[in-house]
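In this chain, numbering begins with 1 at the start of the sequence shown. These numbers come from the heavy atoms of this one structure, side chains and all, not from hydrogens, waters or symmetry mates. Start at 1 and go down the list; that is how both ligands and their atoms are numbered. This is a predicted model, so every value here is computed, not measured.
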Amino acid sequence: MVKNDIRKGMGKKGTLIAFGGIMLVMLILVLGTIWMGHTAKKNADESVKVVSHLYLDELAGRREQVVSDNLKGRVFDMQTALEMMGEEDLIDEEHLQAYQAKMKKYFRLEKFAFVDEDGVIYTSKGQQNDIGTYAFDYHSIEGADISIKDLDEKNKSVIIAEPVELSLEGKKLVACFEEISMEEMLAGVSMQSQESDATFSNIYTQSGVALTNQILGGLAVEDNLLEAMSHADYDEGYSYEKVCDDFANLKQGEASFTYNDIYETLSYVPIEGTDWMLTYLIRESVISDKVGSLSQGIITRSVLMSILTILIMLAVLLFVLRQNRRNTELLLAKEAADAEARTRQEELDYRISVQKKLEEQSQMLSDALGAAEEANKAKTAFLSNMSHEIRTPMNAIIGLDNIALNDPETPEKTKEYLEKIGDSADHLLGLINDILDMSRIESGRLVMRNEEFSFQKLLEGINTMFSSQCADNGQDYQCHINGHIDEYYVGDSMKLKQVLINILGNAVKFTPEGGKVELEAEKKAEYEGQTTLQFRISDTGIGMSEEFLPHIFDAFAQEDSSSTNKYGSSGLGLAITKSIVEMMNGNIQVESEKGKGTVFTVTVTLMNSERSSGNIDFDVDPQKMCVLIIDDDPIACEHAKLVLGKAGISSEIAESGKEAIEMVQLRSARMNPYNLILVDWKMPEMDGVETSRRIREIVGGESAIIILTAYRWEDVLEEALQAGVDSFLSKPLFAPTVIEEYKSAMTKKGIVIDNEKVKADLEGRHILLAEDVQVNADIMMMVLQTRQIDADLAENGKIAVEKFESHEPGYYSAILMDMRMPEMDGLEATRTIRAMNRPDAKNIPIIALTANAFDEDVQKSMQAGLNAHLSKPVQPDILFETLENLIEE
Ligand code: ADP
């Protein structure tokens, strides 16, 4: 910055100096030019003078030469004429005249005359007696004589006379002369310069009389040159006297003088053969003026040139200055750029070094990541193996525990211990499942399935599970659907179920007896084939503290570690739940207050199913149906009305049994009974069964009565059937199920409709068990024997295939297939059996048994043609239920 200022300062000073310099040069140039001009003028004047003097003599001499040559020529001409004279020309005057006329013509003479001794003049025209007017003396001339005829005449004539000795008619001719006008004689001699009035040539007599009409180039007022010259001021070295003297003595000379304020130089030279003087006058002042104006022009031009030069110099200077400034600016900019570049370079260097460090760190990190990934893979593999390894003995524990419990010889006390062992084993199994889930999530191996599922069934399953759990715990369980939710969606129903079970499980777990657990579902949005569902799970349990809430979704987070024992938990459930929810493009939130309860809100996004409500094939015309909904919960009533309304079924609501009876009576009286009456089982005052009984008494067999319950209806089955109830439905309602149930109720009027598939009797069935681990096989055999099932053991897949093949079709009712087996694994064995050409190959139920509960295995086993999948250790109840469901009657 300081450097820049200094440079700028220097720049300013430099500019000033440059300007000053230019101005000085300008001054010098102008003054020099003016001085030079003046000096030049002076020198020019002097030069003019010198040159004038130099050339004056020359010019005067040359003119004198011409004039004298002219005169000489004339003399010669006259002499020639005389020589041409013959004797006959002098015969008489007449002949003479003829001769004279001829000569005049030849030699362009004005007059050619002869003079006799008496002074009589003989011209070509006759005689004249005016010899007195001529200046020459006809008696005494000896050779050619040149004179002026009359000095006083304006137009002067030159007379050239020559002595002759001739006689004419007795008269003696003594002289002859010719007369030429001065003008004619001086023809060809320029007396005045053409272009200017600066030089003049004149001829004067010795006494100063002008023969050419002009005196001093027409300047003088006097008639006589010498008289005029007497009034002039002479330069040094010249004088009037000298001029007079020179004229008197016919001497060549010159004089510079000022006459009438005009500076002139006069050169004079005597004309040979005459007493005339030829003068040459240079009017120097005119020349000086010319030279002066010339110099002035030169000065002006010089000054202009100087100014132009200065302007050019200035322009050049300005250009140079500008260039300089620009250079300076460029230099500054360059310096700034250099500085910036340096800074940038430094920054770059720094960044490079940082980047290097980062690269190193990144390398370290990626190494670490690689190692971690390796470790993670190892961990996953380890967990996968461990799961297999742990589940195998767990299988033995649970299986044996079950067998021991079912042994009638086991004492009561031991049974108690065995039950506790079973509980602990179940808990341990839960833990293993959680850890496996967690490890799947962490390793990114948790796969989301996209399968069509019945939302109603999902909810039913959950409701069945929790209504009975809550009933056992003395808690109130409610499930509501707000608004309309389609029956079918596409997504991973297993995972959604797991989420709801986890949260509801916690709600049940952390809610004391007498508390309430509620599940609400609602469709929040539907957009481009996707639907966002919201679940609200609330409880009136122990709640959580504000401090704990932010950590609730952390793995292994538990508010009170002592609760682990009390409630039997791992702290993994919600971490898993959150991960699953996020994989479903959803989120999970929690609100809780210590001692008051907790509310979890879960949203998930599911894809709409093409099978969604609306395309259900009704035999029953919904328009013609009229349904009565009896429920003390207005929300449940509204929901049922809405759901049915969506399907085009009109419905009426009664909020109590009493009100319902009145409405049914009214309708019956009008002979327009309800087609279907939906009665909630749990109602104050009059419960569902009692209400049904009363209604049945009114309507007889006309209307279908269905009891609505979220609970196990097995408890009230007998009583309800006796009361005239046709069927049971679990809440919340879905229109297609309602219609389905109504249809079957109407067709099987009077028979209790069990919407559960008729379960197969397992007793005496032949089941093929493929299992390579002996202990597992033993336990499974014992478990199966508890239901008098006749099991056949195959030690690997190959043997299983052979055994199946060697028995007639229909011999085996089902196959329990372990997945991991030597020689031929479960998947291949299943594929081989399914590919066989025998009637039972395609539909014999094959149930996968696996210790590896990863999702891919389940999917693989389904694709291979397996009907169900049971993870080890297999729980006898689930095993039997699966078998009952799958085996055809
Ligand atoms: P856990 O297997 O221990 O239930 P979770 O991750 O499911 O693990 O729950 C973590 C902790 O959050 C529980 O131990 C409990 O302290 C608290 N918690 C979860 N749900 C509830 C609830 N509904 N009421 C009170 N506390 C709850």
Whether [X] lies under 4.0 Å from ligand 1, heavy atom:
{"X": "N502", "value": "no"}
{"X": "G541", "value": "no"}
{"X": "F553", "value": "no"}

Worksheet item: Considering only heavy atoms, does I503 approach ligand 1 within less than 4.0 Å through its side chain, its backbone, both, or neither?
Response: neither
Practice prompt. Could you see which bit of T598 sits under 4.0 Å from ligand 1, with heavy atoms only: side chain, backbone, both or neither?
Written response: side chain
Item to complete: May I ask you to decide if the ring planes of F453 and Y489 are parallel, tilted or perpendicular, using 30° and 60° as cut-offs?
Response: tilted
Atoms in ligand 1 flagged as close to [X], the criterion being non-hydrogen separation under 4.0 Å:
{"X": "L572", "result": "6 (O), 8 (O)"}
{"X": "F548", "result": "11 (C), 12 (O), 17 (C)"}
{"X": "D539", "result": "22 (C), 23 (N)"}

Practice prompt. Please identify each residue that fulfils side-chain hydrogen bond (donor to acceptor under 3.5 Å, both in side chains) with K523, with sequence neighbours left out.
Written response: E526
Discussion item. K578: which residues meet the side-chain hydrogen bond (donor to acceptor under 3.5 Å, both in side chains) condition with it, sequence neighbours left out?
Written reply: E582
Fill in: Sub-3.5 Å N/O-N/O distance, F600 and ligand 1
no
No-hydrogen, no-angle side-chain donor-acceptor test under 3.5 Å, [X] and [Y]:
{"X": "E520", "Y": "N482", "answer": "yes"}
{"X": "N473", "Y": "Q469", "answer": "no"}
{"X": "T603", "Y": "Q534", "answer": "no"}

Discussion item. Here's one to test your reading of the geometry: is the NZ or CZ of R787 within 45 degrees of the ring axis of F880 and under 6.0 Å from its centre?
Written reply: yes
